[in-house]
J.: 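Before I ask anything, let me first share the structure, which is written out below as structure tokens.
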Amino acid sequence: MEIMDPDATLCYCFHITRRKIVNYVKRERPPRASQISQCFGAGSACGWCIPFLVKLHAEIVGDEVIDQDTMTAQEYEQMRQDYLTDLKSGSRDKNQLDR
């Protein structure tokens, strides 16, 4: 199975790649995951990527060992589409970051 490429889009609203976010977090080491939004707005629109941003923050800043994502970019994109459909129908709440 092909896992998500580092240059795959993580934040679709602002077209930000996983690599760009990882590099930002490694360089800036923001104290809170919510501050990742300073990287071109990541996580500040639809909210889909927030759980992934929190996970990356925990791995990099918190030095936590987190299991590698095994989903493909196509699976990630489909999950986002399902999330947006659920938001629109009101069957789920928007993902939020603690500020």
J.: Is there a side-chain contact between Leu10 and Leu53 (heavy atoms, below 4.5 Å)?
T.: yes
J.: Taking all non-hydrogen atoms of both residues into account, name the closest pair between Ile36 and Pro30 and its distance.
T.: CG1-CG, 4.3 Å
J.: Can you see which heavy atom on Ser44 is nearest to which on Gly41, and at what distance?
T.: OG-O, 2.5 Å
J.: For Asn23, give me all partners under side-chain hydrogen bond (donor to acceptor under 3.5 Å, both in side chains), at least two apart in sequence or on another chain.
T.: none
J.: Could you give the distance from CG (Leu84) to CE (Met79), rounded to the nearest 0.5 Å?
T.: 12.0 Å
J.: Would you check if the side chain of Arg29 reaches a backbone N or O of Ile60 as a donor-acceptor pair within less than 3.5 Å?
T.: yes
J.: Measure up the Tyr76 and Phe52 rings against each other and bin them: parallel (under 30°), tilted (30 to 60°), perpendicular (over 60°).
T.: perpendicular
J.: For residues Leu87 and Asp93, report the shortest heavy-atom separation together with the two atoms involved.
T.: CD2-C, 3.6 Å
J.: Which pair of heavy atoms, one from Arg32 and one from His57, lies closest together, and at what distance?
T.: C-NE2, 3.5 Å
J.: Judged by atom type as modelled, is there a donor-acceptor pair below 3.5 Å linking the side chain of Tyr24 to the main-chain atoms of Phe40?
T.: no
J.: Report the residues that fulfil ring pair (Phe, Tyr, Trp, His ring centres under 6.0 Å) with Phe14, sequence neighbours left out, ordered by chain and then residue number.
T.: none
J.: Are there over 12 heavy-atom neighbours, none belonging to Lys26, within less than 6.0 Å of that residue's NZ?
T.: no
J.: Between Leu56 and Glu59, is there a side-chain heavy-atom distance shorter than 4.5 Å?
T.: yes
J.: Are the side chains of Cys39 and Arg27 in contact, using a 4.5 Å heavy-atom criterion?
T.: no
J.: If you compare all heavy atoms of Asp5 against all heavy atoms of Asp7, which two are closest, and at what distance to 0.1 Å?
T.: OD1-N, 2.5 Å
J.: Provide the closest heavy-atom pair for Cys11 versus Gly43 in the form atom of the first, atom of the second, distance.
T.: SG-N, 3.9 Å
J.: Is it true that a side-chain atom of Thr9 and a backbone atom of Tyr12 form a donor plus acceptor pair closer than 3.5 Å?
T.: no
